[in-house]
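The sequence lines fix the lettering, A, B, ..., with proteins before strands; numbering per chain opens at 1.
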Number of protein chains: 4
Amino acid sequence: MRIFFIGDIVGRIGRKAVKEILPDLQKKHGFDFVIANGENAAGGFGLTKLVAQELYSYGINCLTMGNHTWDNKDILNIIDEYAIVRPLNYNLGSPGSGWRIFAINNKKLAVVNFIGQVFMDNNSPFDKYEQEIANIKKESDLIVIDFHAEATGEKLAFAHYVTADVSCVVGTHTHIQTADEKIIEQQTAYITDLGMTGAVDSILGMSKTSVIERFRYQIPQRFKVARGLYQLEGLLVDINDTTGKAESVLRIHQTSLK
Amino acid sequence: MRIFFIGDIVGRIGRKAVKEILPDLQKKHGFDFVIANGENAAGGFGLTKLVAQELYSYGINCLTMGNHTWDNKDILNIIDEYAIVRPLNYNLGSPGSGWRIFAINNKKLAVVNFIGQVFMDNNSPFDKYEQEIANIKKESDLIVIDFHAEATGEKLAFAHYVTADVSCVVGTHTHIQTADEKIIEQQTAYITDLGMTGAVDSILGMSKTSVIERFRYQIPQRFKVARGLYQLEGLLVDINDTTGKAESVLRIHQTSLK
Amino acid sequence: MRIFFIGDIVGRIGRKAVKEILPDLQKKHGFDFVIANGENAAGGFGLTKLVAQELYSYGINCLTMGNHTWDNKDILNIIDEYAIVRPLNYNLGSPGSGWRIFAINNKKLAVVNFIGQVFMDNNSPFDKYEQEIANIKKESDLIVIDFHAEATGEKLAFAHYVTADVSCVVGTHTHIQTADEKIIEQQTAYITDLGMTGAVDSILGMSKTSVIERFRYQIPQRFKVARGLYQLEGLLVDINDTTGKAESVLRIHQTSLK
Amino acid sequence: MRIFFIGDIVGRIGRKAVKEILPDLQKKHGFDFVIANGENAAGGFGLTKLVAQELYSYGINCLTMGNHTWDNKDILNIIDEYAIVRPLNYNLGSPGSGWRIFAINNKKLAVVNFIGQVFMDNNSPFDKYEQEIANIKKESDLIVIDFHAEATGEKLAFAHYVTADVSCVVGTHTHIQTADEKIIEQQTAYITDLGMTGAVDSILGMSKTSVIERFRYQIPQRFKVARGLYQLEGLLVDINDTTGKAESVLRIHQTSLK
Ligand SMILES: [Fe+2]
Ligand SMILES: [Fe+2]
Ligand SMILES: [Fe+2]
Ligand SMILES: [Fe+2]
Ligand SMILES: [Fe+2]
Ligand SMILES: [Fe+2]
Ligand SMILES: [Fe+2]
Ligand SMILES: [Fe+2]
């Protein structure tokens, strides 16, 4: 199957990028399933029911999250109903679920979300993986992971750690696409970061002025989503439905400037 | 002038990558000056006199540093004599200097090194830039910066902050090359991270096993430099000597597999 | 002179503690000057004009700040007029000032505020001290410092570093009073943390439920100031006006339960 | 039963403090069991077989650990044989155990060790507590916890979270004794930090010069254990064997200067 992973969608303009660019990509590449990181989709901070509905209407099939999961409390109303996948290594009893099963091509695809520990004050993704992988395998034929993390070393180490059972590990969170897409040990598709879907003329999707001010004077302020031209970034992955091995990766960076 | 920036050189195999790959690149692209990040050049941790000599003999003209600057105390013997550039935003009275002037094409090129504050416990690079930029401008015709930092937002914000006076800001430290090379406001060449020069089959240049073990069991251990095939990563930048504006950027990822 | 330092005042109940307890302490101990950390005085987050006026009306002479300095933007209207002291090691060009001179007993007392670097992403207090101490000495007869920081090692090291010129270093920020008050090298009065002025039945002055919930489920929520019985915590320091040496310290922990 | 908890023992001089001071305290207070934090007992970094033997010979009955658990690999040889308690919220499969049962007064006392998550990159202690508390209760009559953590808020929140089942939570790690010993809800004895057992004239037990140098110039160096006069710090707790409720706490700070 061919899966398209989309990097963190930031605000209204990020959703516009999906609306305008995704259909063309679908036409050109014909993917079977679209997974997007939605932690910044609602005004840059979290996800709402309306925003999730909008993104699904554009052809996204599954939304994963990250450190901004709970920024907008409206997610609590939809996290189960809409099968949103939040980091699995959250504490026990957290709302929602860290993995969900989707049926594609008569296969059960598990989409799993992890969040990093380094710099991010979360439970070890390695430890939680050990605790949960047997359950996930029991319920699924294929497994893909959105690893939402800061540190490149943690992302790479995690991907190498899970190659035996996982078809694909895509990194999110830094909002900057990396140039290291590859297939690890002829099995697991990998990229350190998918990049960002939103305003081109921005800092990580946000208005440049406010971000620069904060670094310059260290005075807290709420960042605003930037405007103008937009981009969509992600990774296209082909997985062999039978072997579970990734067979090709294609990095996507598409702007409204085409 | 054409400047080639090389991403963090990791250990003996990273130096071999420079030795084997740099001459071909020089032949093909004909650059005027080569700047490399050397903070991991000596066994993965810091720099020594012998290692610096070796790197200069391969055609590198200037070495910049980062959070591993002081890992090997031998650097204290050569930091001034060899014009090594360590982060400018270190505390006052730190050995060495945060910028050095090099004469190229009858121009005085200032090579400046900054280190990030986010996740890294350092003085604000924005603040130190304000304190020092007038002095640097007085002594130089052109300014380029190696910004050694973790957080993508800090790197991008800094680059946008300095466009008026700086021809080029290249990020280092994450050891993963990003795919976002560009020229900001038609002035300042930029990439979030140059990437890494060292072993291909590794985690950031280090042996995979030890890094994975540490994440898995959280037991400290000294990482070893990996072996095998090697790569050299960097960015080629053309700067207009008269206007100081960057005119083109070319991302380089070259492996021993050619 | 006798100076009374009050630990972080948290919210309305913290201000009530000052109103109810400070007069008795004044009667009993007869101090010449009262310095309080006000970073949490307005609803737990920052300072406003009305809150500052209220605290001054209770006998506080000087307010210092910390990582919550800018939480309430109203401080920008009064930071200079009311001689509020914010961390000196903020970036250049930040509003307000990191030290202020007060006239007491015909002496010029410099009250200086620093913020920690460890775990807190600020400029090095050691570095900024080196840059500013000559200026402060030129304008003052005596110097006292509120060092607002997390790490005990950084606080102790800083106090030992400045003994030659400073009569007193009191730590703030952790909201838990330490039992290590002393006079370093017969010169500099010291305590790692003054403690907290506010609700007794609380976590650091905040409602227990919300804090526990956040640790338990990691879901962000705005903490509310706790209620009920209150406490005032601080340190009383006697400084020899002529030599500048601290001569005695007395730790204060007073509750409404007396 | 009467339990004496001793704060982090630092190096040879810390062990000497135990040797010289503990017998007097035993004579005076007559405790039934002595628990000490041993993470810095071997030269400031970790624990060895010889050091553990020495400490047991002085009357310590149980050693707990912290972020320095694995600094000295010799601990791997004795961690089970000597019933050393390392943080429970380490990753699955880590050597040793996070709780051990000791028989005292015909009661089974569970000694549990947790490490903080805030600033420390560990699994959530709250989460691990939920996963393990039922097992611990099944095997024990009484439970006491050494919570080795940096952030005061995390320590307090954790203590309030576990009151229903735990007789005592003592904080360690900051090496500075706090003045907030108390019994939470008439059940759980508590102190934010026990303090440090080692050299008086030091920074957290280490030589002042090296620590100050590191803050001043940010150049890494191995700290050395300080010398001279010594201190022992801790907390004495009386627990009702039948109800499991703490009934009294007494903070201990004893120096060789008596
Ligand atoms: Fe994001
Ligand atoms: Fe994120
Ligand atoms: Fe680095
Ligand atoms: Fe590096
Ligand atoms: Fe604070
Ligand atoms: Fe505070
Ligand atoms: Fe510790
Ligand atoms: Fe310790």
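- Among Phe158(D), Tyr161(D), Phe215(D), the residue making the largest number of heavy-atom pairs under 4.5 Å with chain C is Phe215(D).
- When each of Glu130(C), Glu150(C), Met206(C) is scored by its heavy-atom pairs under 4.5 Å with chain D, the top score falls to Glu150(C).
- Across every non-hydrogen atom of Gln218(C) and Ser124(D), the tightest pair is NE2-CB, 4.4 Å.
- The two residues Arg251(D) and Ala179(C) come nearest to each other via the heavy atoms NH1-CB, 3.1 Å.
- One N or O on the side chain of Thr152(D) and one on the backbone of Thr174(C) form a donor-acceptor pair closer than 3.5 Å.
- Put simply, of Asp180(D), Ile203(D), Val211(D), the one with the most heavy-atom pairs under 4.5 Å next to chain C is Ile203(D).
- If you measure heavy-atom distances from Glu233(D) to chain C, you find no contacts under 4.5 Å at all.
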Item checked: Worked verdict on Val118(D) versus Phe119(C) for side-chain contact (heavy atoms from CB on, under 4.5 Å) -> CA-CA 10 Å; Val118(D) 178; Phe119(C) 307 129; over 6 Å; no
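- Lys208(C) NZ: more than 12 foreign heavy atoms inside a 6.0 Å radius.
- The 12-atom threshold is not exceeded at CZ of Arg12(D), counting heavy atoms of other residues, nucleotides or ligands nearer than 6.0 Å.
- Looking at Glu185(C), the atoms closer than 4.5 Å to chain D (heavy atoms on both sides) all sit in the side chain, from C-beta outward.
- With respect to chain D, the highest number of heavy-atom pairs below 4.5 Å among Asp193(C), Ile176(C), Thr192(C), Leu156(C) belongs to Ile176(C).
- At most 12 heavy atoms of other shown residues, nucleotides or ligands fall within 6.0 angstrom of atom NZ in Lys28(C).
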